[in-house]
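Some notes on the structure that comes next.
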There are 2 protein chains.
Amino acid sequence: MAAARTVGGPCQAWPEDSAFIREVLDRIGDKWTMLIISTLGAEAVRYSDLQASIPGISQRMLTQTLKHLERDGLLTRTAYAEVPPRVEYELTDLGRSLLDAVMAMAGWAAAHHAEVASNRAASELTGIGRARVPVSTPTD
Amino acid sequence: MAAARTVGGPCQAWPEDSAFIREVLDRIGDKWTMLIISTLGAEAVRYSDLQASIPGISQRMLTQTLKHLERDGLLTRTAYAEVPPRVEYELTDLGRSLLDAVMAMAGWAAAHHAEVASNRAASELTGIGRARVPVSTPTD
DNA sequence: CTGTATCCCTGAGGATACTG
DNA sequence: CAGTATCCTCAGGGATACAG
């Protein structure tokens, strides 16, 4: 279902369904969700491995994002009452279904990130898409 | 090429390619990018129509996001020197390729948002995924 | 109509310290 | 090991006013 009605007729995107996009954005659009989902993949991964696999994530963010994902039924948390505490996280079927879309995103990124970078560099030269770069000294 | 490339046995995610995910996240993970891309669809849309189609977006954010997308070569900006100024934005091929992934995300959201909401509601009752919600039941 | 420039505020999220 | 609790920064982004 990846290839929706892309090109063809006057198929502008969904009119009012944009709320769905907003929802999924609020859910997976944060800094770490997609990363965690893709890192989880199909395996059960424990907390520390997760932390090690995602460089730069803080415990706070890892825990928080995991809780959000668990709350939404995208993954399950399994705590083993052992001497060295072990907790494993694993995607649910629902989570795995999202993994597909995430992988599509990641696939796009892997396939086109160079092109994007190239375009951006070219734009710098032509001065196309410069946002608000302070060209002159701001009013001091 | 949308699928993974370094997938060997199980479909655990990409080891070091997570940088790509971070990149695409930084690009489309902001509040409005996916919305603009999906709203653009396959048609050329003018600024005011874009603004009308995306409730809640400010001119600042619309302009800024459009510039970012233009800079990255995801869309083109065409200004018509007419009496009432008209500017149209249209996805490039690159942008349309991303549109596929965005639609996949949106499709997932449309298909599962109810399930997610249901899970979340259930978690509230079982007390599963409560992050730091100021719960008003201290006496448990 | 299509932006640009400012002010300002909220909250995502990093750093750090502590607990079971 | 697997979190929890606090503090604090910084930048995303809304509101508003102005300009071409």
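None of these values were measured; they are calculated from a predicted model. Per chain, numbering begins at 1; letters A, B, ... match sequence-line order.
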Q: Sequence neighbours left out, what passes salt bridge (Lys or Arg N to Asp or Glu O under 4.0 Å) with Arg120(B)? Give chain and number order.
A: Asp72(A)
Q: Quick one: list whatever passes salt bridge (Lys or Arg N to Asp or Glu O under 4.0 Å) with Glu88(B), sequence neighbours left out.
A: Arg86(B)
Nucleotide [N], atom [atom2] - distance to [atom1] of [X] in whole Å:
{"X": "Tyr89(A)", "N": "dA2(D)", "atom1": "OH", "atom2": "P", "value": "8 Å"}
{"X": "Leu66(B)", "N": "dG13(D)", "atom1": "CG", "atom2": "C1'", "value": "15 Å"}
{"X": "Tyr80(B)", "N": "dC1(C)", "atom1": "OH", "atom2": "C1'", "value": "15 Å"}
{"X": "Leu35(B)", "N": "dG12(D)", "atom1": "CG", "atom2": "P", "value": "18 Å"}
{"X": "Gln51(B)", "N": "dT4(C)", "atom1": "CD", "atom2": "C1'", "value": "14 Å"}
{"X": "Tyr47(B)", "N": "dG20(D)", "atom1": "OH", "atom2": "P", "value": "17 Å"}
{"X": "Glu88(A)", "N": "dG3(D)", "atom1": "CD", "atom2": "P", "value": "11 Å"}
{"X": "Arg86(B)", "N": "dG20(D)", "atom1": "CZ", "atom2": "C1'", "value": "18 Å"}

Q) Which parts of nucleotides 13-20 of chain C does protein reach within less than 4.0 Å, heavy atoms only, written one letter per nucleotide 5' to 3' as B for base, S for sugar-phosphate only and - for none? A) BBB-B--B
(Q) Below the 4.0 Å mark, does dT2(C) have OP1 or OP2 next to a side-chain nitrogen or oxygen of Ser48(B)? (A) yes
Q) Can a salt bridge be assigned to the pair Asp100(A) and Arg96(A) using a cut-off of 4.0 Å between side-chain N and carboxylate O? A) no
Q: Working to the nearest 0.5 Å, report the span between OG of Ser123(B) and NZ of Lys67(A).
A: 12.0 Å
Q) Is a donor on one side and an acceptor on the other found under 3.5 Å between the side chain of Ser118(A) and the backbone of Ala114(A)? A) no
Q: Taking all non-hydrogen atoms of both residues into account, name the closest pair between Thr92(A) and Gly73(A) and its distance.
A: OG1-O, 2.6 Å
